[in-house]
2 protein chains.
Amino acid sequence: MHGEITPGAALTLRGIGGEFGVSMTPAREAVRRLAAEGALFLSSSGRVTTPELTNERIEELAALRALLEVELASRALPRAHMALIDRLQTINSNVAEMVSKRDAVGYIRTNLEFHRTLYLRAQAPAMLAMAETVWLQLGPTMRALYGRLRRTDPPQNHRLIIAALKAGDEPGLRLAVRSDVTQGLRLLAG
Amino acid sequence: MHGEITPGAALTLRGIGGEFGVSMTPAREAVRRLAAEGALFLSSSGRVTTPELTNERIEELAALRALLEVELASRALPRAHMALIDRLQTINSNVAEMVSKRDAVGYIRTNLEFHRTLYLRAQAPAMLAMAETVWLQLGPTMRALYGRLRRTDPPQNHRLIIAALKAGDEPGLRLAVRSDVTQGLRLLAG
DNA sequence: CGCCAGGTTTTGTGATCACATGAGCGGATG
DNA sequence: CATCCGCTCATGTGATCACAAAACCTGGCG
């Protein structure tokens with residue numbers, strides 16, 4: 001999810017097992033679970049790799065993020081009190097720090113933490129789980145994307161999100177979330 | 001997914017394996033995969049049951065269906081030619097037959113076939129996969145719902161969907177899909 | 001009659017093994 | 001020098017086993 005593995009990387013059950021000090025059996029179960037969520041790709045012969053997404057697939061997953069996360073943000077809005085907004089601002093400064101350090105994995109991790117913190121307030125666990133499934137599918141690709149990105153400016157859309165939360169501005173919030181979610185991925189697909 | 005198993009039913013790995021003539025290992029993998037998708041519930045001790053959904057969870061999953069399936073239908077609309085509409089009408093008559101026979105499992109199966117046939121035209125595999133994950137989570141509960149339902153009238157919303165497809169009426173299609181998806185589940189939650 | 005404690009049985013977990021399959025590499029040939 | 005064939009090794013699959021924990025059933029006690 002955090003982009004620690006590059007797209008198309010090959011994994012082996014014995015390798016995963018060895019890495020975590022267990023046998024093939026638990027490794028297999030974990031791989032099957034992740035494959036069920038689309039986070040790993042199982043070739044017809046059972047070989048395991050991280051997925052290499054086509055542009056169409058990336059656009060589709062971006063549309064899914066927009067659909068799900070706009071709804072989650074919208075549901076979180078009436079429950080977003082000051083304590084939450086403060087936490088979001090703290091996380092956002094961490095995001096900015098990761099951007100300035102050009103730490104791609106750290107950026108993805110803190111960025112997703114920002115979103116998750118907001119969406120947790122939506123009290124919609126199934127919807128949040130689906131959003132996280134999409135993040136999981138995009139993980140390796142996002143890393144490849146932000147790796148080639150030459151940005152050092154802090155995330156502008158996050159500030160728009162926070163402003164909309166403070167103002168209780170639902171249309172503004174929906175727009176800001178949609179922009180934040182789609183903008184980065186449009187670049188790669190383009 | 002088709003509601004063949006009632007909510008809260010207990011499953012055992014050895015039982016599943018025996019049922020399909022395999023050992024525990026493949027049964028475990030299948031169970032773990034289904035649990036990852038939320039179709040099965042793993043207790044803290046590893047016991048496997050079908051989930052018993054709370055009303056809040058049912059409403060949330062209904063909202064997810066609405067969100068995803070309205071989008072899928074909308075994307076399918078421009079590609080929906082006459083051959084597809086004919087197929088949908090054929091399937092819909094099967095749905096009506098299942099309703100009149102009070103065959104709950106058959107109704108769920110043909111109803112989902114109706115939706116899947118339409119959504120396949122959207123050319124959005126990831127989105128369709130998510131919708132099917134929701135169906136999977138709702139399977140046992142839908143059976144319990146339609147079992148207590150005393151309906152013998154054919155599905156009205158399906159006819160609205162077909163009419164909107166014929167007319168190329170996107171707002172009407174969105175509304176019809178949303179109604180079709182949410183109406184049944186509102187009953188149970190209410 | 002209800003409730004609790006004992007033991008027995010069921011059940012999931014993780015490891016290991018034999019086997020089949022496919023990938024990757026090396027060498028031979030045109 | 002490129003291409004193709006064959007072999008070897010790595011890899012996933014499914015079965016089986018020993019073990020631990022939890023569930024269930026049974027009998028006894030209040």
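Letters A, B, ... mirror the listed sequences (proteins, then strands); counts begin at 1. Here the structure is a predicted model, which is why all the values come from computation and not from measurement.
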>> Using the side-chain hydrogen bond (donor to acceptor under 3.5 Å, both in side chains) criterion, which residues pair with B:S43? Sequence neighbours excluded.
In response: B:S45
> Heavy-atom contacts under 4.0 Å between residues 33-41 of chain B and DNA chain C, which residues?
Replying inline: none
> Does the pair A:R75/A:E71 count as a salt bridge with the N-to-O cut at 4.0 Å?
Replying inline: yes
>> Can you give me the bend angle of the helix from C:dC1-D:dG30 to C:dG30-D:dC1? Use the axis through the first five pairs and the one through the last five, nearest 10 degrees.
In response: 30°
> Does A:R178 have any salt bridge (charged side-chain N to carboxylate O under 4.0 Å, His left out) partners at least two apart in sequence or in another chain, and if so, which?
Replying inline: none
>> Could you work out, with side chain to side chain contact (heavy atoms under 4.5 Å, CB included) as the rule, every residue matching B:S44, not counting sequence neighbours?
In response: none
>> Does anything in residues 162-175 of chain B form a side chain to side chain donor-acceptor pair (under 3.5 Å)? List the pairs, not counting sequence neighbours.
In response: B:S74-B:E170, B:S74-B:R174, B:E170-B:R174
Ignoring hydrogens and angles, write down the donor-acceptor pairs under 3.5 Å from the side chains of residues 80-94 of chain B, residues two or more places apart or on other chains.
| unit_1 | atom_1 | unit_2 | atom_2 | d |
| --- | --- | --- | --- | --- |
| B:T90 | OG1 | B:D86 | O | 3.1 |
| B:N92 | OD1 | B:H158 | ND1 | 3.0 |
| B:S93 | OG | B:T90 | O | 2.6 |

>> Could you work out, with salt bridge (charged side-chain N to carboxylate O under 4.0 Å, His left out) as the rule, every residue matching B:R33, not counting sequence neighbours?
In response: B:E37
> What pairs with A:A104 under side chain to side chain contact (heavy atoms under 4.5 Å, CB included), at least two apart in sequence or on another chain?
Replying inline: A:R143
Short N/O separations, protein against nucleotides 11-17 of chain C, under 3.5 angstrom:
| unit_1 | atom_1 | unit_2 | atom_2 | d |
| --- | --- | --- | --- | --- |
| C:dG12 | OP1 | B:L13 | N | 3.3 |
| C:dG12 | OP2 | B:L13 | N | 2.9 |
| C:dG12 | N7 | B:R14 | NH1 | 2.9 |
| C:dG12 | O6 | B:R14 | NH2 | 3.3 |
| C:dT13 | OP1 | B:R32 | NH1 | 3.1 |
| C:dT13 | OP2 | B:R32 | NH1 | 3.4 |
| C:dG14 | N7 | B:R28 | NH1 | 3.1 |
| C:dG14 | N7 | B:R28 | NH2 | 3.3 |
| C:dA15 | OP2 | A:S23 | N | 2.6 |
| C:dA15 | OP2 | A:S23 | OG | 2.6 |
| C:dA15 | O5' | A:S23 | OG | 3.4 |
| C:dA15 | N7 | A:T25 | OG1 | 2.8 |

Please tabulate, one pair per line, all N/O donor-acceptor pairs under 3.5 Å involving side-chain atoms of residues 119-129 of chain A, not counting sequence neighbours.
| unit_1 | atom_1 | unit_2 | atom_2 | d |
| --- | --- | --- | --- | --- |
| A:Y119 | OH | A:E69 | OE1 | 2.6 |
| A:Y119 | OH | A:H115 | ND1 | 2.8 |

Give the table of side-chain donor-acceptor pairs shorter than 3.5 Å for residues 6-28 of chain B, with sequence neighbours excluded, one pair per line with atom names and distance.
| unit_1 | atom_1 | unit_2 | atom_2 | d |
| --- | --- | --- | --- | --- |
| B:T12 | OG1 | B:G15 | N | 2.9 |
| B:S23 | OG | B:T25 | N | 3.4 |
| B:R28 | NE | A:E29 | OE2 | 3.1 |
| B:R28 | NH2 | A:E29 | OE2 | 3.4 |

